[in-house]
Amino acid sequence: MIRPLELFIGLRYTRSRKHSHFISIISLISILGITLGITALITTLSVMNGFGKELRGRILGVISHVTITETSGALHDWRAVADSIKNPNVKGRAPYIAGQGMVSHSQGVSGVMVRGILPTEENQVSEFGSRMIEGSLEALKPGEFGIVIGSALAWKLDLTVGSQVSLIIPQALATPAGIMPRFKRFTVVGIFKMDMYEYDSGLVLMHLDDAAKLYQMGDQVTGLRLKLSDLDAAPRVAETLAAGLGPNYMARDWTREHGNFFRALKIEKTVMFVILLLIVTVAMFNVVSTLVVVVTEKRADIAILRTLGASPKTIMGIFLAHGSVVGVLGTLVGTLCGILLALNVETIVLGIEKLFSTSFIAADVYLISELPSDLHWSDVFLVSGCSLLLGLLSALYPAWRASKVQPAEALRYE
């Protein structure tokens, strides 16, 4: 016999013998419901973690961690500012010129964000150099008016390395024929692929000197981009740098530019956790109903146990053990299935997409083109802990009800 007695009888009640198989079926359904709920919860949280991680990595591979500029909107002597930055958290720095325009080729036109860069400096703060699929950033030479474009833009306008494009910018040019928009012919010298549709279709790079001429910036730049070793320290570093540079300068970190987006992801994850936890809660109602049925069916046995000297505490422990066994089994199996599914969800989804020749993740809608997953053990422990707690709570009422059976009731079943 398994000791203690409460656990032995509780395990015995999880399965039914002879004529009554209904209790066993309900117990099995309860375990399956908990398993499915835990599996769905762990997998969903892992996928949402993966989305946040991928988007954060790709966005911060393009934008700067901290941007320094002057209150006038331009930076006059970026080299002096770069040399004055002594913060140990700063890993790289690079100037840039930002603008807008429209790229035209043949019959196609597409609006783009223009960024003037120094190729050698840009590699310190972004991942463009490692994401080139054709050409290279080093092909951007001052005065040659070369341009590097994204893969989606290249596909949209049917461009390859060596193609000639026209860049039209929203600055007026007075001519004898009237006010005309300014434009310049560029040669495509490289194509990058950041695996984010927003940037692959709407961002072009050119040399800093060419951008200065195009936007008539002179010796000025839009700002100085910094890369940090610790992303979470960006607000503190930006505040420190702004205070050290003086009142004519301002520093903006990535949390101000995209902070709302990542906060929305975090809130969405919390809401999703609560919603999916309701699935587990519904499964726990099956545990309550199972235990109520068991108590009703076993009233004679309970009364006999009371007659033999079992205390109400012992009876309550029996049904708490029974309910806990169902919750623990469902939680363990669901946790294992959830971990296995979360670790292999990318492969599974890719296989389903190939099998049915479809795509679940549209890059132009979800910014990324694949389903990522990032399993956090803290989520696994949180989900499992909540499930075990709900399992214990679901057994309290039936166990309390069973403890109220009196020894005298055994006479009814003689």
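The backbone N or O of Q164 lies less than 3.5 Å from a partner atom in the side chain of H105, making a donor-acceptor pair. Side-chain N or O atoms of H207 include one that pairs as donor or acceptor with a backbone N or O of D209 at under 3.5 Å. D210 places no side-chain N or O within donor-acceptor distance of the main-chain N or O of P142, the cut-off being under 3.5 Å. A distance-only check finds no donor-acceptor pair linking the side chain of Y215 to the backbone of A98 [under 3.5 Å]. S201 contributes no side-chain N or O that, together with a main-chain N or O of A152, makes up a donor-acceptor pair within less than 3.5 Å. Within the 3.5 Å criterion, the main-chain N or O of L226 finds no donor-acceptor partner in the side chain of S64. Listed for the S229 side chain is no donor-acceptor partner under 3.5 Å among the backbone atoms of K91. Looking at S373, its side chain does come within 3.5 Å of a backbone N or O of A342 through a donor-acceptor pair. With hydrogens and angles ignored, the 3.5 Å screen pairs no side-chain donor or acceptor of H76 with any backbone N or O of Q220.
Distance OG1/T35 to CG/L336: 10.0 Å, rounded to 0.5 Å. Atom CE of M272 and atom CG of L41 lie 10.0 Å apart (nearest 0.5 Å). Note that the CZ atom of F273 and the CG atom of L45 stand 7.0 Å from one another [nearest 0.5 Å]. Note: L388 CG to F381 CZ = 12.0 Å, rounded to the nearest 0.5 Å. Within the model, atoms CG of L224 and CZ of R79 stand 10.5 Å from one another, a figure rounded to the nearest 0.5 Å. The CG atom of N123 sits 11.0 Å away from the CG atom of L118 when rounded to the nearest 0.5 Å.
Residues S166 and V103 have side chains not in contact (no heavy-atom distance under 4.5 Å, counting atoms from C-beta outward). Residues M206 and L214 form a side-chain contact, since some pair of their non-hydrogen atoms from C-beta on lies under 4.5 Å apart. In this structure, L375 and L343 have side chains that are in contact, with non-hydrogen atoms separated by less than 4.5 Å. Using a 4.5 Å heavy-atom cutoff, the side chains of L382 and W377 are not in contact. Side-chain contact check for M316 versus W400: some heavy-atom pair is nearer than 4.5 Å. Residues V148 and F192 form a side-chain contact, since some pair of their non-hydrogen atoms from C-beta on lies under 4.5 Å apart. The side-chain heavy atoms of M113 and Q100, taken from C-beta on, include a pair separated by under 4.5 Å. The shortest distance between side-chain heavy atoms of E268 and M48 falls below 4.5 Å.
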Problem set entry | Derivation and outcome, side chain to side chain contact (heavy atoms under 4.5 Å, CB included), residues T222 and L75 | CA-CA 6 Å; T222 302; L75 194 60; over 6 Å; no
Problem set entry | Test side chain to side chain contact (heavy atoms under 4.5 Å, CB included) applied to L208 and I117, step by step | CA-CA 5 Å; L208 190 73; I117 63 171; 5.8 Å; no
Problem set entry | Working for side chain to side chain contact (heavy atoms under 4.5 Å, CB included), residues F128 and E122 | CA-CA 8 Å; F128 287 113; E122 185 67 19; 3.9 Å; yes
For this session: Kindly indicate, with the supporting measurements, whether the criterion side chain to side chain donor-acceptor pair (under 3.5 Å) is fulfilled by T43 and S46.
Result: CA-CA 5 Å; T43 304; S46 298; over 6 Å; no
Exercise. Checking side chain to side chain contact (heavy atoms under 4.5 Å, CB included) for the pair L137/L205: CA distance, chi angles, key distance, verdict?
Worked result: CA-CA 9 Å; L137 282 183; L205 308 175; 3.8 Å; yes
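Looking at every heavy atom in both residues, V81 comes nearest to I68 through CG1-CG2, 4.2 Å. For P247 against T71, the heavy-atom pair with the smallest separation is O-CG2, 3.8 Å. Y397 and V292 make their closest contact through CE2-CG2, 4.5 Å (heavy atoms, listed as atom of the first residue, atom of the second, distance). Scanning all heavy atoms of the two residues, the minimum distance from I147 to V165 falls at CG2-CG2, 4.3 Å. N89 and D230 get closest at one heavy-atom pair: OD1-N, 3.1 Å. Closest approach of V189 to A139, counting heavy atoms only: CB-CB, 3.9 Å.
Within a 6.0 Å sphere centred on CG of D219, other residues, nucleotides and ligands contribute 12 heavy atoms or fewer. Within 6.0 Å of the NZ atom in K193, the count of heavy atoms belonging to other residues, nucleotides or ligands does not exceed 12.
Using a 4.0 Å cut-off between a side-chain N of Lys or Arg and a carboxylate O of Asp or Glu, R131 and D200 do not qualify as a salt bridge. One finds no salt bridge joining E121 and R225 here, because no Lys/Arg side-chain nitrogen approaches an Asp/Glu carboxylate oxygen to under 4.0 Å.
For S384 and S387, the side-chain atoms include no donor-acceptor pair closer than 3.5 Å.
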